Amino acid sequence: LSTASPFDKSSFSRIALSSDGRQFAIIDDHHQIRLTDSVLNTELWVQPRAGDDSAKGLLFSPYGKALLSLDDTEIDILDTATGNAVATIRLPETSGLLSKVAVNGDASHMAVATESETVLLWNLKTNVDVPIFLEKKQPVERLLFSPDGQSLVAVINGQTPHVIVWDSQSGKVRFKTESGAKISDFAFDNTSNTLALATEDGKIGFWKLRTGQAGKTISTQAGPNRIAFSPDGKNFASASGSERPQIQYWNLASSESLFD
């Protein structure tokens, strides 16, 4: 098994790995974006990158259809199959510098949070020039689309920690929910029906993603910093990285702890 890469003699400033681990991309010392098949160890394409070497990073869309090159005020979107440019997104001058970015599964929508605490949404299929302004003056800590791409969630751990959920097609707010403690993690079930929120006071709450209807709340023995649904959505796990690391696992229907 050879571990040598096709660009061993080049240095690079940025690297990204696709979610399935089959591809990785770099920006090399000549400001070129290079995509490699990590299984076959074969370089797939090389594209010159416009601008200087100030890229903040590279990001694959969840299913690997698109590769994003991120700058302070501009995002280049490339088709991973061909390397061709799909679109160039320029942030409005009044929105500030790029802070967070999220893309949905089919790379049809992209959301951005900026350092000036603005959240923007683009439909990449119909209108790449004019974003929808979703929120202002909110310090977004995390930004993520649901697995089906129909919802966008922002975690805001300001003076009053809360979550905002938008319909990603229309940009309309579906619901907001406040938390009594800082939000440490959130998770979706695979069907995108349920959103779970974990807080530092040891509680995990569940909401219907499309309606905002609150469900049950589980109290853990330690403040969880990672949570996840099982693939079938019937069980739920949390992990605490505190002084006493702990993993707990529940049946969601009964709220019964299966082990800890």
Side-chain angles (χ1 to χ4, degrees), residues 12-16 25-33 35 47-62 65-80 83-146 149-176 183:
F12 56 92
S13 60
R14 297 290 184 268
I15 188 168
I26 67 160
I27 298 176
D28 67 17
D29 50 3
H30 300 293
H31 305 171
Q32 299 177 117
I33 299 176
L35 185 69
Q47 283 285 5
R49 181 181 168 275
D52 56 22
D53 60 353
S54 62
K56 297 190 78 167
L58 293 169
L59 176 69
F60 281 93
S61 62
K65 291 185 177 181
L67 176 68
L68 281 64
S69 172
L70 312 174
D71 279 331
D72 282 332
T73 60
E74 189 171 288
I75 300 170
D76 293 319
I77 303 173
L78 305 177
D79 184 333
T80 53
N84 294 333
V86 175
T88 295
I89 303 294
R90 294 177 177 86
L91 303 187
E93 292 183 2
T94 57
S95 66
L97 303 182
L98 179 69
S99 174
K100 305 284 188 305
V101 61
V103 186
N104 70 344
D106 65 359
S108 63
H109 289 75
M110 181 184 73
V112 161
T114 70
E115 291 182 358
S116 65
E117 301 179 352
T118 299
V119 182
L120 305 150
L121 175 69
W122 281 266
N123 185 321
L124 300 178
K125 301 294 186 183
T126 63
N127 195 345
V128 299
D129 295 321
V130 182
I132 300 172
F133 281 78
L134 299 181
E135 196 74 21
K136 294 184 178 180
K137 301 302 178 185
Q138 297 283 5
V140 174
E141 188 168 292
R142 292 184 63 187
L143 190 66
L144 194 67
F145 285 93
S146 59
Q150 300 300 304
S151 301
L152 175 67
V153 176
V155 171
I156 298 162
N157 275 324
Q159 290 184 344
T160 304
H162 64 286
V163 164
I164 306 176
V165 179
W166 293 276
D167 181 311
S168 63
Q169 306 302 308
S170 66
K172 294 181 178 179
V173 174
R174 283 196 172 144
F175 67 95
K176 299 181 182 181
I183 299 162

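What you see is a predicted model, and the numbers here were worked out from it, not measured in a lab.
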### Query
Among Asp71, Val112, Thr118, whose side-chain contact (heavy atoms from CB on, under 4.5 Å) with Leu91 holds?
Val112
### Query
Side chain of Ser168, backbone of Leu152: donor and acceptor closer than 3.5 Å?
no
### Message
Quick check: do Ile75 and Val101 have side-chain heavy atoms less than 4.5 Å from each other?
### Response
yes
### Message
Main chain of Ser146, side chain of Ser151: is a donor-acceptor contact present, judged purely on distance under 3.5 Å?
### Response
no
### Message
Using every non-hydrogen atom in the two residues, find where Trp166 and Ala154 come nearest and quote the distance to one decimal.
### Response
CZ3-CB, 3.6 Å
### Message
For the CZ atom of Phe60 and the CG atom of Leu67, what is their distance to the nearest 0.5 Å?
### Response
5.0 Å
### Message
Apply side chain to side chain donor-acceptor pair (under 3.5 Å) to residues Asn104 and Asp106 and explain how you reach the verdict.
### Response
CA-CA 6 Å; Asn104 70 344; Asp106 65 359; 3.2 Å; yes
### Query
Does any non-hydrogen side-chain atom of Val163 lie less than 4.5 Å from one of Ile183?
yes
### Message
Restricting to non-hydrogen atoms, name the atom on Ala113 and the atom on Leu143 that form the minimum distance, rounded to 0.1 Å.
### Response
N-CD2, 3.8 Å
### Heavy-atom check, side chain of Pro92 versus side chain of Leu120, under 4.5 Å
yes
### Message
Let's go through Glu117 and Lys137 carefully: what are the C-alpha distance in whole Å and the side-chain angles of both, what is the deciding distance for salt bridge (Lys or Arg N to Asp or Glu O under 4.0 Å) to 0.1 Å, and is it a yes or a no?
### Response
CA-CA 5 Å; Glu117 301 179 352; Lys137 301 302 178 185; 5.8 Å; no
### Task
Report the C-alpha distance between Asp167 and Arg174 in whole Å, list the side-chain angles of each, state the deciding distance to 0.1 Å, and finish with yes or no for salt bridge (Lys or Arg N to Asp or Glu O under 4.0 Å).
CA-CA 6 Å; Asp167 181 311; Arg174 283 196 172 144; 3.2 Å; yes
### Summary
One should read off an interatomic distance between Met110 CE and Leu59 CG, to the nearest 0.5 angstrom, of 10.0 Å
### Query
At what distance, to the nearest 0.5 angstrom, does CG of Leu121 lie from NE2 of His109?
6.0 Å
### Query
Taking side chain as C-beta onward, heavy atoms only, is Ile164 less than 4.5 Å from Val119?
no
## Note on the structure
Sequence neighbours excluded, the answer for side chain to side chain donor-acceptor pair (under 3.5 Å) partners of Gln32 is Asp28
#### Entry: Side chain proximity check, Asp72 to Leu98, heavy atoms < 4.5 angstrom
no
### Task
Check whether any side-chain heavy atom of Ile156 lies under 4.5 Å from a side-chain heavy atom of Pro139, and answer yes or no.
yes
### Message
On a heavy-atom basis, which atom in Pro131 and which in Trp122 lie closest, and how many Å separate them?
### Response
CB-CE2, 3.4 Å
### Query
Roughly how far, to the nearest 0.5 Å, is the OG atom of Ser108 from the CG atom of Leu124?
7.0 Å
### Query
Looking at CG of Asn123 and CD1 of Ile132, how far apart are the two atoms once the value is rounded to the nearest 0.5 Å?
7.5 Å
### Message
What I'd like to find out is whether the side chain of Val86 reaches to under 4.5 Å of the side chain of Leu78, using heavy atoms alone.
### Response
no
### Query
Under 3.5 Å, side chain of Ser69 to main-chain N/O of Asp76, donor-acceptor pair present?
no
### Task
For the residue pair Leu58 and Ile15, establish whether any side-chain heavy-atom pair is separated by less than 4.5 Å.
no
### Message
Within this structure, what is the CG-CD1 distance for the pair Asp129 and Ile89, rounded to the nearest 0.5 Å?
### Response
7.5 Å
### Task
Let me see the working for Thr114 and Leu97 under side chain to side chain contact (heavy atoms under 4.5 Å, CB included), right down to the final yes or no.
CA-CA 5 Å; Thr114 70; Leu97 303 182; over 6 Å; no
